[in-house]
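Here is the structure we will look at.
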Amino acid sequence: MKKAYTPKSIEAKWQKEWAKSGVYRQYGRKKKFYVLDMFPYPSGAGLHVGHPKGYIATDVLARMKQLQGYGVLHPMGWDAFGLPAEQFALKNKVHPEKAVKENIATFKKQLGKIGFTYDWEREINTTDPTYYKWTQWIFLQLWKKGLAYESNDPINWCPSCKTGLANEDLEQGKCERCGSIVEKRPLRQWVLKMTQYADRLLSDLDPPAGGEKLEWSESIKEQQRNWIGRSVGTEVTFCVADTEEEIHVYTTRVDTIFSCTYVILAPEHPLLKNLESRISNLGEVKKYIKKTISKSDLERTELNKEKTGVELKGIFVINPATTEKIPVWIADFVLGQYGTGAVFADAHDKRDFEMAKKYNIPLKVSIKPQNNELSWEKIESLEECFEADGVLVNSGQFNGLTSADARREITAWLIKEKLGKKKVNYKMRDWTFSRQRYWGEPIPLIHCEKCGIVAVPEKDLPVKLPKVKSYEPTGTGESPLASIASWVNVKCPKCRGAAKRETNTMPQWAGSSWYYLRFIDPKNSKALVDKKKEKKMMPVDVYVGGTEHATRHLLYARFWHKFLYDIKAVSGKEPFKKLVNQGLIVATDGRKMSKRWNNVVNPDDMVAQFGADAFRIYEMFMGPFTQSIAWNTDGVVGSKRFLEKVWKLQEKVSGIRYQVSGEKSIENLLHKTIKKVTEDIENFKFNTAISALMILVNALEKEVHLSRITYQTSLLLLSPFAPHISEELWHMMGNKKSIFLSEWPKWDAKKIVEEVKTVVVQVNGKVRAMFQIATGSDEEAVKTLALADAKVQTHIAGKQIRKVIYVQDKILNLVV
RNA sequence: GCCGGGAUGGUGGAAUGGUAGACACACGGGACUCAAAAUCCCGCGAUAGCAAUAUCAUGAGAGUUCGAGUCUCUCUCCCGGCACCA
C-alpha cells in the first residue's frame with residue numbers, strides 16, 4: 001500500500017512533536033553555535049512571504065549545525081516598543097499593549113506553520129517589564145559614566161510624529177517613519193555620547209592583524225564608515241582684529257590657507273553674540289540668522305541652491321599664514337554642528353568660490369595643477385575653480401610643495417606658532433535618545449529641585465510604564481506621561497523631598513541594542529546576563545537581517561556592546577561576528593509588498609497550498625540569498641514536485657549497500673552532493689545547494705533499487721531545508737529517534753575522485769571534439785586521440801600546429 | 001557629485017580564466033486517460049540547414065590571453081547608500 005505525501009498532516013504532527021520533545025535544546029553540547037535573526041517588530045499587517053526568507057536561512061543553518069554536533073542557540077523575540085506599534089494602536093483604538101499582544105500571537109502562529117527550530121522558552125519581548133528593566137539599567141550605567149547627558153540644543157523634530165528624532169532616523173531630511181520634513185526645534189532632551197566611541201566603532205570594523213575580523217559585507221561596513229565620517233585635518237586659529245576673540249576653523253585643506261581671503265561662520269556660531277557690539281550692520285545680520293535658523297535642514301542643504309550670506313561689517317580676522325586682515329561672513333551652508341561651525345574660504349573650494357563671485361569678495365589662487373589637465377590661465381584668472389591637490393604657489397616658504405606635503409608642513413608650522421593643531425573630525429553626532437511619546441521605556445531618572453538629576457535606584461527598576469487613558473502625543477515637547485501626576489510626582493531617592501520623574505521615553509532602538517544578550521539568559525532577574533553563559537555563547541556567530549539597519553540598529557548595538565565591554569558586563573568587543581543581509585522579496589509587479597499596493601502574498605496561503613517544506617525550498621531556491629528577487633507563486637510547484645519525487649524514492653529502497661549497476665557513479669554523486677550541500681549552506685548559497693539535491697534526486701530516480709544508506713544520507717542532506725518530510729521519511733525507514741539527533745554526513749574525498757573525465761578538444765579556442773579519458777591521462781595520449789578524430793582533422797587539415805595547450809583532465813587546445 | 005552592487009534564453013538563475021545557459025518555471029510535442037488533472041518521455045538562446053554541422057551570442061566598445069560571462073580600461077543603463085561635512 002502506497003501512502004501519499006500529505007504535507008498538511010505530516011507538518012502539523014512534527015511541529016507538535018518537536019515542540020514537545022525540545023529536540024533543539026542541545027545546549028549542553030561542547031561546541032556552541034549562535035545563529036540569530038533580526039527580531040521583528042510585530043506589525044498589525046502580519047507576515048508576508050518576504051519576512052520568512054531570512055528566518056528560513058538561519059533555520060537551515062541551525063539545523064545543519066545541530067546535526068554537525070553543535071549546541072545551537074536559535075531564538076526569536078519581539079521588538080515591540082516604538083512609534084509604529086503606538087500608531088497602529090492609535091489608529092485601531094486599542095491600547096498598544098493589547099495590540100502588541102495580539103500582533104505577536106498572529107506572528108507566532110504564522111511562524112509556527114513554517115517549522116522553525118526556535119526555542120520558544122527563550123522568547124523575549126522588549127515591552128515586558130522584566131526585559132526593559134535591563135534596558136533601563138544599561139541607560140543608568142551610561143548615565144553614571146557621563147555618557148548620557150541632558151541637552152537643550154535644537155534637535156530634529158517630526159511635526160507629524162510629534163517627537164524628537166536622532167540623526168539616524170532621518171532620510172534625506174525627512175522622517176524615516178512618516179516622510180514629513182523634519183524641523184529644527186530647541187528641546188530639552190537626553191543624548192548619548194556615541195561620538196566618544198566613534199574611533200572604535202570605525203577601527204573595529206577592520207581590526208589590525210591579529211584582531212578578530214568582522215565578517216560583514218563590504219557595503220555595510222562602508223555605510224558605517226561613511227556614517228561615522230572620520231576626517232583628519234587641522235584646526236587653525238584666526239584672531240579677530242582688535243579683540244581678544246579667536247575663531248577656530250577646521251579644515252582638511254590647510255594647504256590652501258595662503259589663498260584664504262575670508263572666513264565664514266555658521267549662523268548659529270556662539271561667537272556672534274560676543275561680537276554683536278562691533279557689527280555695524282547688525283540688523284541685517286540678525287535678520288539673516290533668524291531666517292536661516294528657522295529653516296529645516298532639508299531646505300538649508302538643498303542641492304544646487306544658490307549660496308547666500310551676509311558680511312559681518314566691522315569685523316576682521318587675521319589670516320595666520322599671510323597676516324592679512326580679511327573679512328568675516330555668515331552663510332547658511334556652513335553647518336553649526338560640524339567641525340567648529342566655521343570655515344576659511346578660498347578660491348580652491350567650489351562653494352567658497354561661488355559665494356565670493358556672487359558677493360564680489362576678492363579671491364586669489366595658491367594651488368597649481370601638477371599636470372596640464374586643466375588650463376592654468378583659466379584658474380589663475382579665476383575663471384575656473386581648481387579643487388584638487390596640486391603644487392603650492394603664492395605661499396611664501398611653502399611654494400613648490402605638493403598639497404600632501406604642504407598639509408603636513410603647514411600644520412607643523414602652525415603648531416609651532418601656536419596658531420593651530422591637528423584635529424580629527426566625525427560626521428556622526430551624539431545619539432538623541434529621548435522621545436516625547438508614550439510607547440517606550442521610561443527613562444529611569446528623577447528631577448529633584450535640591451539634588452538635581454538623580455538615578456532611580458537599581459532596586460526600584462523597572463520603572464514601569466504606567467497605564468494611561470490618553471497616550472496620544474501632545475506635541476508640546478512633553479510626553480503623554482507628563483500628564484499623569486500620580487506617576488510623575490515622586491520622592492527624591494536622595495533627600496526624600498518632592499521630585500518629578502523624567503517623562504521622556506527611549507527610542508525604539510533601545511531594546512534592540514542588547515536583545516541578543518538576553519536570549520542567552522532570558523529569565524535572569526539578578527543581572528543583565530550571567531557572565532559564564534555570556535562568555536560561552538557570545539559573540540553571535542551568524543546574524544541575518546536586512547540592509548536597512550546598516551547605520552541604525554547595527555551601529556547602536558555595536559556602541560552599547562562596546563560600552564558594556566568597558567564596564568566589564570560582556571567579554572567581547574563586538575556582538576556580531578558574521579553578518580549576512582538577505583535580499584528583499586518584492587512582489588511580482590516589482591514593488592515592495594504592501595497593503596497599499598494590494599500585492600501582498602501571505603505565507604499562510606503558500607503553506608496551505610504547497611506545504612511548509614515546499615515553501616521553504618522555494619524561498620531558498622529562488623535565487624542568491626543576498627539578492628533582491630520578485631516573488632513568483634508559479635515557481636513553488638517545482639519545489640513541490642521535487643519533494644514528491646523524494647517521497648516516491650522510498651519505494652526503491654532495498655537492503656543492498658550500494659545498488660549494483662550504478663554503484664560507483666551513485667556513490668560518487670552522493671559524496672559530491674554531500675560536499676556541495678555542506679559548503680553551500682555554510683556560505684549561504686542555498687539555491688545551488690538545492691540544485692545539487694535535485695540533481696541527486698533525479699539520478700536516484702533512474703535507479704531500480706536504492707540502498708538504505710544512500711536514501712538516508714539524501715534525507716539528511718535535505719532535512720535542513722525540508723525538515724518535516726525528511727523526519728517523516730526517516731521514521732518510515734524505521735528510525736526511532738529524530739533525524740535531527742542524527743549526524744550530518746561527511747564526504748569521502750576518495751569517493752569524489754572520478755575515474756573518467758571529459759576532455760574538450762579545441763582548435764584555436766573553439767570546441768571541436770570531446771573525449772572520455774582516464775583521469776590523469778598525459779598530454780601525449782590525449783593529443784594522439786585528438787589528432788585521430790575526424791572532426792578535429794578537418795579543422796587542422798593543411799595547417800601547422802603551432803602550439804598545444806593541455807590542462808590536465810580538462811582541455812586540449814591546438815593552435816594552428 | 002561621491003561610494004557600493006548589478007546587467008547572461010520567454011522567466012528565476014548556474015558557471016575555481018577552460019564545453020555559456022546547470023537546476024527550475026513557463027511554453028511546445030508525445031504517452032497514459034472516455035476526458036481532464038496528476039505523472040512520465042522528448043524538445044526548448046538566435047540564424048542557416050532535412051540532417052550532420054556551421055556561424056553568431058553573457059548591456060556597448062576596446063585590451064590582456066592559446067582561451068574572457070569571469071581579468072584591465074572606457075562608456076550606457078538599473079538598484080542601494082551618502083551628500084553644501086569645509
Side-chain angles (χ1 to χ4, degrees), chain A residues 171-173 217-227 229-231 233 249-254 256 264 266 297 300-305 307 331-335 337-346 348-352 354-355 387 425-429 547-548 550-551 581 583-584 588 590 617-618 621-624 626-639 641-642 644-645 648 685 687-695 697-698 701 758-770 791 794 802-816:
Chain A
E171 246 167 32
Q172 337 214 291
S217 73
E218 201 45 42
S219 97
I220 297 278
K221 283 192 196 174
E222 191 65 16
Q223 282 184 51
Q224 291 212 345
R225 282 186 208 113
N226 289 340
W227 189 263
R230 182 179 198 264
S231 69
V249 163
Y250 173 74
T251 180
T252 54
R253 288 298 304 275
V254 77
T256 64
I264 315 172
D297 265 5
R300 236 175 105 168
T301 61
E302 207 178 335
L303 210 64
N304 296 330
K305 198 191 62 176
K307 305 278 169 286
D332 66 354
F333 73 84
V334 176
L335 307 170
Q337 321 91 305
Y338 182 75
T340 57
V343 300
F344 75 63
D346 57 77
H348 297 291
D349 180 286
K350 235 183 183 151
R351 299 157 297 180
D352 304 344
E354 276 171 28
M355 177 157 163
E387 289 190 290
N425 242 311
Y426 300 93
K427 289 189 200 174
M428 188 176 79
R429 318 266 163 79
T547 54
E548 68 273 19
T551 54
N581 302 108
L584 220 60
T588 325
I617 295 254
Y618 176 66
F621 183 62
M622 284 176 83
T626 54
Q627 195 176 301
S628 169
I629 300 177
W631 178 263
N632 176 19
T633 300
D634 284 348
V636 192
V637 299
S639 307
R641 281 180 199 150
F642 166 63
E644 292 277 8
K645 282 185 200 173
K648 277 193 199 143
K685 290 165 80 177
N687 55 331
T688 48
I690 291 168
S691 158
L693 285 170
M694 286 172 168
I695 292 168
V697 166
N698 289 344
E701 214 182 11
T758 304
V759 167
V760 171
V761 181
Q762 298 182 328
V763 178
N764 286 348
K766 291 201 170 164
V767 181
R768 298 302 176 186
M770 255 179 260
K791 225 189 290 170
T794 64
R802 299 212 328 257
K803 206 168 169 186
V804 179
I805 288 114
Y806 179 62
V807 181
Q808 183 86 64
D809 298 333
K810 263 190 182 152
I811 205 158
L812 180 81
N813 192 5
L814 303 169
V815 185
V816 298

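Letters A, B, ... are given to chains in the order of the sequence lines, protein chains preceding strands, and every chain is numbered from 1. Being a predicted model, the structure only gives us computed values, none of them experimental.
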Taking any heavy-atom pair under 4.0 Å as a contact, classify [X]: base, sugar-phosphate, or nothing.
X	answer
A:Val760	base
A:Gln762	base
A:Met694	sugar-phosphate
A:Asn813	base
A:Phe621	base
A:Arg768	sugar-phosphate
A:Val334	base
A:Arg802	nothing
A:Val807	base

Interatomic distance at [atom1], [N] relative to [M], whole Å:
N	M	atom1	value
B:C42	B:G61	P	38 Å
B:A15	B:C71	P	14 Å
B:U70	B:A38	P	41 Å
B:G43	B:C25	P	16 Å
B:A51	B:A46	P	14 Å
B:G69	B:A22	C1'	15 Å
B:A36	B:G28	P	14 Å
B:U72	B:U53	C1'	36 Å

#### Entry: Between B:U39 (P) and A:Asn698 (CG): distance, integer Å
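It is 14 Å, rounded to the nearest whole Å.
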
### Query
Given atom NZ of A:Lys685 and atom P of B:G12, what is their separation to the nearest angstrom?
20 Å

### Query
Is it true that A:Glu218 and A:Arg225 have a side-chain N and a carboxylate O under 4.0 angstrom from each other?
yes

### Query
Below 4.5 Å, heavy atoms only, C-beta onward: do A:Val804 and A:Asn813 meet side chain to side chain?
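A side-chain contact is absent here, since even the closest heavy-atom pair is not under 4.5 Å.
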
Taking pairing as Watson-Crick or G-U wobble with both contacts under 3.5 Å, can you name the mate of [N], or confirm there isn't one?
N	result
B:C82	B:G1
B:C34	none
B:G45	B:C56

### Message
Working to the nearest 0.5 angstrom, can you tell me the gap between A:Ser639 OG and A:Glu644 CD?
### Response
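Between A:Ser639 OG and A:Glu644 CD, I get 12.0 Å after rounding to 0.5 Å.
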
### Side-chain-base donor-acceptor pair under 3.5 Å for A:Lys307 and B:C84
yes

### Task
Using distance alone, with no hydrogens and no angle criterion, decide if A:Asn226 and A:Lys427 have a side-chain donor and acceptor under 3.5 Å apart.
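Looking only at side-chain atoms, A:Lys427 and A:Asn226 do not form any donor-acceptor pair under 3.5 Å.
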
Short side-chain N/O contact to [N] OP1/OP2 from [X], under 4.0 Å:
X	N	value
A:Asn226	B:C85	no
A:Lys766	B:A57	no
A:Asn687	B:C23	no

